[in-house]
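Computed from heavy atoms alone, side chains included, the values below leave out hydrogens, waters and symmetry copies.
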Amino acid sequence: GYTQQLPDLTGKIRLNSNENPYGPSENSKKAMMDSMAEANRYPRDFITKLKEEIATREALTPEHVLIAAGSTELLGLAGLTFGLGGGELAACHPTFDFMMVFAEGLGCTWARTPLDKKFQYDLHALDKIIGPKTKLIFVCNPNNPTGIEIPYPRLKSFCGAHGTKYPLFVDEAYIELSNGGRKGSMAGLIEQQPKLIIGRTFSKVHGLAGMRIGYALAQPDMIKAMSNLQSTRGMSVSALAASAALASLKDPAFEDYSRGRILEGRKMVNDAFDEWGVEYLESSTNFVFFKNDKFVSDPVEAMAKENILIRSYDYVPGWSRVSIGTVEEMEMFLAAAKKYVVA
Ligand code: PMP
């Protein structure tokens with residue numbers, strides 16, 4: 001099995017940003033140390049190697065890959081590339097809204113439609129708001145902050161219906177933690193769907209949020225259009241970040257270990273919430289979205305008193321989100337949370 005030195009638990013327990021408490025992997029740390037000696041050089045070769053590795057894994061070419069400083073940069077680049085002249089970005093709400101909010105700053109409108117009654121990303125409702133003004137469609141699978149994944153055949157047919165006509169960004173930040181894992185990815189459709197863009201990140205299962213690195217997969221002309229607007233000329237990530245990412249991709253033992261322990265922590269939360277009668281959504285990610293009506297006070301404030309950070313959203317009143325930390329952190333969260341739950 002895979003074991004490693006974990007950070008100590010003194011100070012605040014950070015369960016508010018969906019980070020991976022087990023990262024970076026030992027191999028990534030070693031790769032970063034080794035690549036430090038190359039910090040005097042531009043990172044081109046490191047980025048090229050990483051692109052080649054990603055392309056091979058996805059059965060695509062390096063021209064199908066864009067490396068950026070986290071998927072946040074990818075979301076910004078897509079918003080910029082396709083939303084620059086105004087028009088509409090179509091997406092459900094609530095979701096990870098960085099792209100839409102960024103594009104609103106460029107003069108775009110966010111044409112939004114709510115999640116369905118079960119908090120599922122509502123592709124049927126989204127279908128109805130797509131039209132002549134649509135510049136870009138955004139789908140988050142699994143979605144944040146709900147943690148729910150879209151059934152594979154449903155998303156596949158949605159991509160089939162729109163991916164030739166509209167730039168369609170599928171944000172797969174949490175795909176490795178979903179039930180089907182990477183097999184549930186839409187990346188396999190890129191050859192048939194010329195406008196499909198897949199966003200991935202090293203911040204979640206790979207545990208490299210602080211290194212700021214992610215990648216997009218799309219047809220070469222789409223990749224080129226986005227990279228043309230990258231103000232760093234294809235070099236927004238450091239040699240350290242690129243080598244850490246490469247080492248992590250080549251370390252399936254770390255990914256399995258991370259996933260296994262995250263799922264263990266998630267089950268602890270689900271089991272406790274079941275026992276307490278706290279309503280929550282079945283998560284396919286490293287966080288759980290739960291209803292706070294069983295709590296005697298706002299769980300975000302209550303947990304802050306206990307030195308535990310979780311979060312809520314003003315646009316989803318009555319619900320909060322807890323990220324899955326280490327198993328030990330989840331024990332502490334549950335012990336603290338229990339004090340505020342009405343029996
Ligand atoms: N997409 C989704 C759905 C996310 O939840 C996050 C981070 N919380 C991101 C993108 C951005 O992650 P990063 O920039 O670290 O890759």
Side-chain angles (χ1 to χ4, degrees), residues 9 11-22 72 91-98 100-101 112-122 140-150 171 173-174 177-179 201 203-205 209 261-343:
L9 298 179
K12 292 205 189 306
I13 297 182
R14 291 168 291 177
L15 306 179
N16 58 343
S17 296
N18 303 342
E19 294 150 341
N20 179 352
Y22 302 109
T72 301
C92 284
H93 175 79
T95 187
F96 191 72
D97 63 10
F98 179 81
M100 284 68 77
V101 172
R112 58 161 95 165
T113 183
L115 304 176
D116 74 11
K117 279 195 213 92
K118 291 180 170 166
F119 291 85
Q120 176 61 263
Y121 208 91
D122 195 339
C140 192
N141 184 52
N143 195 21
N144 180 7
T146 55
I148 297 179
E149 69 180 275
I150 303 167
D171 185 333
Y174 302 97
L177 295 162
S178 68
N179 295 326
T201 181
S203 298
K204 307 300 173 185
V205 85
R261 297 219 69 197
I262 290 165
L263 298 193
E264 198 182 326
R266 193 169 81 196
K267 186 172 185 310
M268 288 165 62
V269 174
N270 291 352
D271 288 350
F273 285 177
D274 282 339
E275 191 185 318
W276 302 343
V278 170
E279 193 183 325
Y280 62 93
L281 303 182
E282 202 57 61
S283 170
S284 295
T285 62
N286 63 341
F287 55 87
V288 175
F289 202 50
F290 63 96
K291 206 169 176 179
N292 59 31
D293 59 350
K294 280 259 176 177
F295 287 76
V296 293
S297 60
D298 177 351
V300 176
E301 284 166 26
M303 291 302 100
K305 280 190 234 151
E306 306 281 338
N307 242 358
I308 299 172
L309 307 178
I310 65 168
R311 69 169 295 186
S312 61
Y313 298 81
D314 52 10
Y315 47 80
V316 200
W319 290 75
S320 301
R321 191 192 73 182
V322 59
S323 305
I324 306 302
T326 62
V327 167
E328 294 76 12
E329 287 172 326
M330 299 328 285
E331 277 166 5
M332 291 165 84
F333 163 73
L334 292 172
K338 196 172 183 185
K339 296 196 263 174
Y340 299 89
V341 173
V342 196

Point-to-point distance, once rounded to the nearest 0.5 Å, from [atom1] of [X] to [atom2] of [Y]:
{"X": "Ser320", "Y": "Glu301", "atom1": "OG", "atom2": "CD", "value": "10.0 Å"}
{"X": "Ser323", "Y": "Ile262", "atom1": "OG", "atom2": "CD1", "value": "10.5 Å"}
{"X": "Thr95", "Y": "Leu115", "atom1": "OG1", "atom2": "CG", "value": "7.5 Å"}
{"X": "Asp171", "Y": "Thr201", "atom1": "CG", "atom2": "OG1", "value": "8.5 Å"}
{"X": "Asp122", "Y": "His93", "atom1": "CG", "atom2": "NE2", "value": "14.0 Å"}

Answer yes or no: is there a side-chain heavy-atom contact under 4.5 Å between Leu15 and Met330? yes
Hey, are the side chains of Val296 and Val342 touching, using non-hydrogen atoms and a 4.5 Å cut-off? yes
[X] and [Y]: which non-hydrogen atoms are nearest, and at how many Å?
{"X": "Gln120", "Y": "Ile148", "answer": "NE2-CG2, 3.6 Å"}
{"X": "Asn307", "Y": "Gly11", "answer": "ND2-O, 4.1 Å"}
{"X": "Met332", "Y": "Ile308", "answer": "O-CD1, 3.9 Å"}
{"X": "Gly325", "Y": "Pro21", "answer": "C-CG, 3.4 Å"}
{"X": "Glu19", "Y": "Ala209", "answer": "CG-CB, 4.4 Å"}

Can you list the residues that meet the ring-ring contact (aromatic ring centres under 6.0 Å, His included) rule with Phe333, with sequence neighbours excluded? none
Mind checking ring-ring contact (aromatic ring centres under 6.0 Å, His included) for Phe96 and listing every partner two or more places apart, or none if nothing turns up? none
Please list, chain by chain and in numerical order, all residues satisfying salt bridge (Lys or Arg N to Asp or Glu O under 4.0 Å) with Asp271, sequence neighbours excluded. Lys267
For [X], all residues meeting side chain to side chain donor-acceptor pair (under 3.5 Å), sequence neighbours excluded:
{"X": "Arg311", "value": "none"}
{"X": "Asn144", "value": "Arg321"}
{"X": "Asp116", "value": "none"}
{"X": "Asn20", "value": "Ser258"}

Short question: side chain of Asn143, backbone of Ile150 - any donor-acceptor pair under 3.5 Å? no
Within the side chain of Asn292, is there an N or O that forms a donor-acceptor pair under 3.5 Å with the backbone of Pro299? no
Residue pairs passing the side chain to side chain donor-acceptor pair (under 3.5 Å) test where at least one lies in residues 330-343, sequence neighbours excluded: Glu306-Lys339, Glu306-Tyr340
Only distances under 3.5 Å count here; give the side-chain donor-acceptor pairs of residues 276-286 to other protein atoms, sequence neighbours excluded, each with its distance to 0.1 Å.
| residue | atom | partner | partner atom | Å |
| --- | --- | --- | --- | --- |
| Tyr280 | OH | Asp274 | OD1 | 3.0 |
| Tyr280 | OH | Asp274 | OD2 | 3.3 |
| Ser283 | OG | Thr285 | N | 2.9 |
| Ser283 | OG | Thr285 | O | 3.3 |
| Ser283 | OG | Thr285 | OG1 | 2.8 |
| Ser283 | OG | Phe287 | O | 2.6 |
| Ser284 | OG | Glu149 | OE2 | 2.7 |
| Thr285 | OG1 | Phe287 | N | 3.3 |
| Thr285 | OG1 | Phe287 | O | 3.2 |
| Asn286 | ND2 | Asn18 | O | 3.0 |

Just one of Phe290, Phe289, Tyr313, Phe295 clears the ring-ring contact (aromatic ring centres under 6.0 Å, His included) bar with Trp319, so which one? Phe289
Take Arg261 and Thr326 through the side-chain contact (heavy atoms from CB on, under 4.5 Å) test and state the conclusion after the steps. CA-CA 7 Å; Arg261 297 219 69 197; Thr326 62; 5.8 Å; no
For Thr113, the side chain to side chain contact (heavy atoms under 4.5 Å, CB included) test, sequence neighbours excluded, returns Cys92, Ala125, Leu126, Ile129
